[in-house]
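Here is the naming used below: chain letters follow the sequence lines, and residue numbers restart at 1 for every chain.
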Amino acid sequence: MKKENSSTFFEDVYELTKLIPKGRVSSYGAIARALGKARGARAVGWALNNAALVPDVPAHRVVNSKGILSGKNHFGGNRMQELLEAEDIAVKDDKIVDFEQLYWDPNVELFK
DNA sequence: ATTATGACTTCAC
DNA sequence: CGTGAAGCCATAA
């Protein structure tokens, strides 16, 4: 009935990524942890790889633990940076400025 | 079922 | 603090 794709994992990642407020960013590990796969940061990146094909998923708000636009290359050049700057997010040297300040932890915000 | 790859994370030196 | 290596999850071949 609701299998849609073969994995709900992608849906979970989509939902969580969509929940990221504008002007905020998150990390793969945080999302993976929120999904119960604390060590599935790579799996999240894989899911976001599909998410990149979905306009409803702001994957540009998701970066690695260092706040670096790891997937910038997958966005097609500086597209990811432009999207972040469009959200009032400062990007310098392919990494988020004040990442700690803009960091949005789903586990904290959703579990608080 | 096994091997290889990938938008990662963490530990060790 | 910087670099290197290992680990873990999911997908594709």
In whole angstroms, how far is the [atom2] atom of [N] from the [atom1] atom of [X]?
X: A:Leu48; N: B:dT9; atom1: CG; atom2: P; result: 11 Å
X: A:Lys37; N: C:dT11; atom1: NZ; atom2: P; result: 10 Å
X: A:Arg39; N: B:dT9; atom1: CZ; atom2: P; result: 13 Å
X: A:Lys66; N: B:dC11; atom1: NZ; atom2: P; result: 13 Å
X: A:Asn64; N: B:dC8; atom1: CG; atom2: P; result: 6 Å
X: A:Asn50; N: B:dT5; atom1: CG; atom2: P; result: 20 Å
X: A:Asn73; N: B:dG6; atom1: CG; atom2: C1'; result: 12 Å
X: A:Lys95; N: B:dC8; atom1: NZ; atom2: P; result: 16 Å

Worksheet item: Got a sec: does the NZ of A:Lys92 have more than 12 other heavy atoms crowding it under 6.0 Å?
Response: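 No, because the 6.0 Å sphere around NZ of A:Lys92 holds 12 heavy atoms or fewer from other groups.
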
Worksheet item: Do A:Leu102 and A:Ile20 belong together in a cluster built from hydrophobic side chains that touch within less than 4.5 Å?
Response: no

Describe the nucleic acid contact of [X] in one word from base, sugar-phosphate, nothing, applying a heavy-atom distance below 4.0 Å.
X: A:Gly40; answer: sugar-phosphate
X: A:Asn49; answer: base
X: A:Ala32; answer: nothing
X: A:Ala47; answer: nothing

Between [options], which one does the side chain of [X] approach most closely?
X: A:Trp46; options: B:dA7, C:dT11, B:dT9; answer: C:dT11
X: A:Tyr28; options: B:dT9, B:dG6, C:dC9; answer: B:dT9
X: A:Phe10; options: B:dA7, B:dT9, C:dT11; answer: C:dT11

Discussion item. On DNA chain B, does the nearest nucleotide to A:Ser65 precede the nearest nucleotide to A:Ala43 from the 5' side, or the other way round? Give the residue.
Written reply: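 The residue closer to the strand's 5' end, by nearest nucleotide, is A:Ala43.
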
Discussion item. If the condition is salt bridge (Lys or Arg N to Asp or Glu O under 4.0 Å), which residues does A:Asp94 pass it with, not counting sequence neighbours?
Written reply: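 By the salt bridge (Lys or Arg N to Asp or Glu O under 4.0 Å) rule, A:Asp94 matches A:Lys72.
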
Practice prompt. Would you tell me whether A:Tyr103 and A:Ser27 have side-chain atoms, one donor and one acceptor, within less than 3.5 Å of each other?
Written response: yes

Practice prompt. Between A:Phe9 and A:Arg42, just flag the one whose closest nucleotide in DNA chain C comes earlier from the 5' side.
Written response: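 It is A:Arg42 whose nearest nucleotide is closer to the 5' end.
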
Practice prompt. State, to 0.1 Å, how close A:Leu69 and A:Leu84 come at their nearest heavy-atom pair, and which atoms those are.
Written response: CD2-CD1, 3.4 Å

